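Predicted, not measured: the structure shown is a model, and the values here were computed from it. One-based numbering along the sequence shown. Indexing begins at 1, ligand by ligand and atom by atom, following the structure's order.
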Amino acid sequence: MTLPVTEWINVNGDVSIIARESGEVWFHTTSGTKQDADPFAKPMTGAGSTGSTVRLLDGAIHLGFASIEQRLARPEPTLAAYVVALVGCYHTSVHTPRNLCNAASRFKELGRPEVAAYLEDRAREETGHDRLALKDLRALGVPAERLVANFIPEGIKPLCERFDDLCAQDYPIGCIGYAYCLERISALKQKADIDKVQALCPDGADATRFLRTHSGLGSEVAHVQEAIQFIASLPANDRISVVRETYESALIMAEGYNHELLKSDAEILEELEQALAEPLSFRRGRHSSRDEKHGIQPLL
Ligand SMILES: [Fe+2]
Ligand SMILES: [Fe+2]
């Protein structure tokens with residue numbers, strides 16, 4: 001008889017995530033537990049299963065976002081904030097194919113052709129996604145190329161740097177955890193989220209191409225499913241590294257998003273107009289009626 005798979009990973013020294021193939025998942029606090037009495041003190045070594053691996057990955061995202069739960073900004077979306085979000089989407093997409101191909105080359109050198117092939121597939125699938133964000137910006141009347149050349153949102157910069165670093169490592173397996181984190185969060189977006197953004201846009205402007213693709217309505221759902229299958233098939237050491245990086249990326253993402261969400265519309269507009277050295281066209285035609293603090297919605 002084959003025993004059902006149980007997987008566990010200590011993500012941050014204090015907390016381990018434990019998941020069963022059947023779907024049960026729980027967080028295990030390691031402090032105060034005697035090492036020899038703790039069956040999860042040693043790293044797992046067995047095979048994975050999609051049912052348990054996905055729960056480790058999603059548990060890692062949950063723990064990462066829980067770190068800012070008390071400080072979480074919950075603003076109403078605005079058009080200016082959406083422009084900043086699109087600029088962020090551009091920057092998190094533009095180097096993805098190149099970075100993934102670099103990581104794939106390294107895995108070929110390391111004699112891991114199956115990881116290289118997976119990363120090359122992902123690089124192909126992600127090609128051109130930066131252009132979707134540029135098209136959306138243009139549809140809003142924003143000089144897209146000039147804006148992205150002069151402006152990277154502060155909250156997004158650490159995320160981009162993390163991905164660049166991960167893909168350049170000697171053993172770049174962590175880039176798979178980073179990608180999972182971003183894609184999983186994107187795939188949570190539903191039609192109602194897209195409609196809400198569309199309602200902010202000028203009549204007739206098709207400015208939600210990036211969001212539609214990176215949502216539960218677009219290719220992101222398949223990307224997430226492919227990632228789960230692949231990660232579950234990896235050896236235990238790799239699964240541990242991937243889930244730990246999913247957690248680290250979720251921490252960086254949560255801090256970064258919150259940083260942007262806490263900005264007022266006036267602050268956002270000032271940043272954008274400074275980068276462009278001119279007023280935004282939609283600002284001339286439309287007036288934001290809100291004075292309270294508000295900002296972007298996570299869109300990646
Ligand atoms: Fe993408
Ligand atoms: Fe994707």
Inset, instruction - Sequence neighbours left out, what passes side chain to side chain contact (heavy atoms under 4.5 Å, CB included) with I252? Give chain and number order. - result: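 Here the qualifying residues are P158, L159, R162.
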Inset, instruction - Please list, chain by chain and in numerical order, all residues satisfying side chain to side chain contact (heavy atoms under 4.5 Å, CB included) with A19, sequence neighbours excluded. - result: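 Partners of A19 under the side chain to side chain contact (heavy atoms under 4.5 Å, CB included) test: V25, S52, R55, L56.
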Legend entry - Between CG on residue N150 and CG on residue L272, distance to nearest 0.5 Å: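 So the CG of N150 and the CG of L272 are separated by 11.5 Å.
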Inset, instruction - Check whether any side-chain N or O of H214 sits under 3.5 Å from a backbone N or O of K189 as a donor-acceptor pair, and report yes or no. - result: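 Looks like no, no N/O pair under 3.5 Å.
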Legend entry - By salt bridge (charged side-chain N to carboxylate O under 4.0 Å, His left out) - contacts of K191 (at least two apart):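 Result, salt bridge (charged side-chain N to carboxylate O under 4.0 Å, His left out) vs K191: D195.
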Legend entry - Near the Fe ion (ligand 2) (cut-off under 2.8 Å), count of protein N, O or S atoms: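 N, O or S atoms of the protein closer than 2.8 Å: 4.
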Legend entry - Test: E109 and R106 ion pair at under 4.0 Å: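 Yes, E109 and R106 are salt-bridged.
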